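I have placed the structure first, in the form of structure tokens, so that the comments after it can refer back to it.
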Amino acid sequence: MTGGAEPLALAPAMADNLARWLDSERATRDRSDHTIRAYQADLLAFLAFLGGYHGTPALPATLGQLTQSDMRAFAAAERGRGLSARSLARRLSATRSFIRWMSDRHGFDASRALASRSPKFTRSLPRPLAPDQAEALLEIAGAAHPEAWIAARDTAVLTLLYGCGLRISEALGLDGADWPFREALTIRGKGGKERQVPVLPVARQAIAEYLRLCPYPLEPAAALFRGARGGRLNPALISAAMRQLRQVMGLPPTATPHALRHSFATHLLAAGGDLRTIQELLGHASLSTTQVYTGVDDARLLETYRAAHPRA
């Protein structure tokens, strides 16, 4: 493919298969809309590369002829475009999943393409806030916006992230019907998995104060946390609030809304919390994921496995 050439159009047969695969991922694996969009971009990049590499739009039969060399050429082209090792690993993972699905559907041998390996990358460890920083942040958030109800709203959301360990999507996905909170809140997390999360009195108080000031009525079918125009609150606005708060407090760029969830786990562990219980509170499928969240060492992880496993 020569420099500056227009990418070849996607063949209708391949476009149809791609749409069906994305629908399958959404339905059977409960992928989020964000993940589906990322997978679509990954596969469009791969199919565009194949079109330029072979000089003709990729067809289902093209995938049956792929080799490790083809996959390595794609990886090299993406790295040459500046894609990070982490993003490339995800792109290759999505590509292999699609190829595997296509091989089952069209009956070809995909073993040569599937034998390719993803690049290694160093997973960056989360950086939680110190306990005093988290407490100060929640106090300052109450005066960070000129609109009192918006300041109260942001404080309530951030309190849920830190006090209950919620993902921002979980907090903003709450509806009016979820209020008032009981001692524990049922959260539907990734993969549709439900978990019970204890709700601290301070979190209930923060939400009650927000609702007292909110100009929009509490409606069971509407969002609990509203934007300025009354719609469901956009996560970008909470991220913007955190940016403002970390500038005021002199915190590093790693102090994001998600860092409050990390802080919840790390501070709970430091106070003597059990790693297995923290795993359940966070909704992690794997204990090793909780290990990364809390920065716990392998020795403590092994100790937890030995205490929990029936054959230990």
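Computed over heavy atoms, backbone and side chain alike; hydrogens, waters and symmetry mates excluded. All of these numbers come straight from a predicted model, not from anything done at the bench.
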Quick one, D23 with R26, criterion salt bridge (Lys or Arg N to Asp or Glu O under 4.0 Å). Give me CA distance, side-chain angles, the key distance, then yes/no. CA-CA 5 Å; D23 286 343; R26 182 184 288 107; 3.1 Å; yes
Is there a donor-acceptor pair under 3.5 Å between the side chain of E25 and the backbone N or O of I36? no
Main chain of Q196, side chain of T186: is a donor-acceptor contact present, judged purely on distance under 3.5 Å? no
Counting only pairs under 3.5 Å, give me each side-chain donor-acceptor contact of residues 37-52, with atom names and distances, residues two or more places apart or in other chains.
residue: D42; atom: OD1; partner: R90; partner atom: NH2; Å: 2.7
residue: D42; atom: OD1; partner: R91; partner atom: NE; Å: 2.9
residue: D42; atom: OD1; partner: R91; partner atom: NH2; Å: 3.3
residue: D42; atom: OD2; partner: R90; partner atom: NE; Å: 3.0
residue: D42; atom: OD2; partner: R90; partner atom: NH2; Å: 3.4

Note: A75 and L88 closest approach over all heavy atoms is O-CD2, 3.8 Å
Distance-only, no hydrogens or angles: does the H145 side chain make a donor-acceptor pair with backbone N or O of E147 under 3.5 Å? yes
Check whether any side-chain N or O of R232 sits under 3.5 Å from a backbone N or O of L172 as a donor-acceptor pair, and report yes or no. yes
Should R20 and D16 count as an ion pair when the cut-off is N to O under 4.0 Å? yes
CG/L138 to OG1/T159 distance, rounded to the nearest 0.5 angstrom? 4.5 Å
Could you grab the distance from atom CZ of R246 to atom CD1 of I140, nearest 0.5 Å is fine? 14.0 Å
If you group Ile, Leu, Val, Met, Phe, Trp and Tyr by side-chain heavy-atom gaps below 4.5 Å, do M249 and L161 land in one group? yes
If you measure from OG1 on T62 to CD1 on I99, what distance do you get to the nearest 0.5 Å? 11.0 Å
Hey, what do you get for NE2 (H258) to CG (L166), rounding to the nearest 0.5 Å? 11.5 Å
Could you measure the distance from the CG atom of L224 to the CG atom of L233? Nearest 0.5 Å is fine. 10.0 Å
Could you tell me whether a side-chain N or O of R226 sits under 3.5 Å from a main-chain N or O of P217, the two making a donor and an acceptor? yes
Looking only at atom types and distance, does a side-chain atom of D178 sit under 3.5 Å from a main-chain N or O of D175, one as donor and one as acceptor? yes
Check whether H267 reaches the backbone of L129 with its side chain - one donor and one acceptor, N or O, closer than 3.5 Å. yes
May I ask whether L218 and V157 are part of the same hydrophobic cluster, defined by side-chain heavy atoms of I, L, V, M, F, W, Y residues being less than 4.5 angstrom apart, directly or through others? yes
Show your reasoning for whether ring-ring contact (aromatic ring centres under 6.0 Å, His included) applies to Y210 and F225. CA-CA 9 Å; Y210 150 67; F225 294 110; 5.4 Å; yes
Just by distance, do the side chain of N234 and the backbone of A236 share a donor-acceptor pair under 3.5 Å? yes
SB check E170 R195 (cutoff 4.0 Å): yes
Shortest non-hydrogen contact from A151 to T155? O-OG1, 2.8 Å
F98 vs W101 aromatic rings, parallel, tilted or perpendicular, using cut-offs 30° and 60°? parallel
Nearest heavy-atom approach of F108 to P60 is CE2-O, 3.8 Å
Indicate yes or no for a side-chain donor-acceptor contact from R188 to the backbone of E194 under 3.5 Å, with no hydrogens or angles considered. no
Start with the C-alpha gap between Y216 and L211, add the side-chain angles, then the distance that decides, and say whether side-chain contact (heavy atoms from CB on, under 4.5 Å) holds. CA-CA 8 Å; Y216 301 103; L211 291 174; over 6 Å; no
Search all heavy atoms of G64 against all heavy atoms of R112 and return the closest pair with its distance. O-NH2, 3.8 Å
Any idea which heavy atoms bring L245 and L158 closest together, and the distance? CD1-CD1, 3.8 Å
Evaluate M102 against N17 for side-chain contact (heavy atoms from CB on, under 4.5 Å), listing each step before the verdict. CA-CA 8 Å; M102 287 288 287; N17 277 282; 3.5 Å; yes
Show the nearest heavy-atom pair for residues P215 and W149, with the distance to one decimal. CD-CD2, 3.3 Å
Beyond-backbone contact of L63 with M14, side-chain heavy atoms, under 4.5 angstrom: yes
Would you kindly confirm whether L114 and M71 end up in one hydrophobic cluster when ILVMFWY residues are joined by side chain heavy atoms under 4.5 Å apart? yes
Between I168 and L260, is the side-chain contact (heavy atoms from CB on, under 4.5 Å) condition met? List the steps. CA-CA 10 Å; I168 190 168; L260 292 176; over 6 Å; no
Using the side-chain contact (heavy atoms from CB on, under 4.5 Å) rule, take I150 and L237 through it: C-alpha gap first, then chi angles, then the decisive distance, then the call. CA-CA 10 Å; I150 291 180; L237 295 177; over 6 Å; no
In the single-linkage hydrophobic clustering (I, L, V, M, F, W, Y; side-chain heavy atoms under 4.5 Å), do W179 and V197 co-cluster? yes
Would you compute the distance between atom OG of S84 and atom CD of E78 and round it to the nearest 0.5 angstrom? 11.0 Å
Main-chain N/O of A259 paired with S263 side-chain donor or acceptor, under 3.5 Å: yes
Any link between L137 and L200 through a network of hydrophobic side chains (Ile, Leu, Val, Met, Phe, Trp, Tyr) touching at under 4.5 Å? no
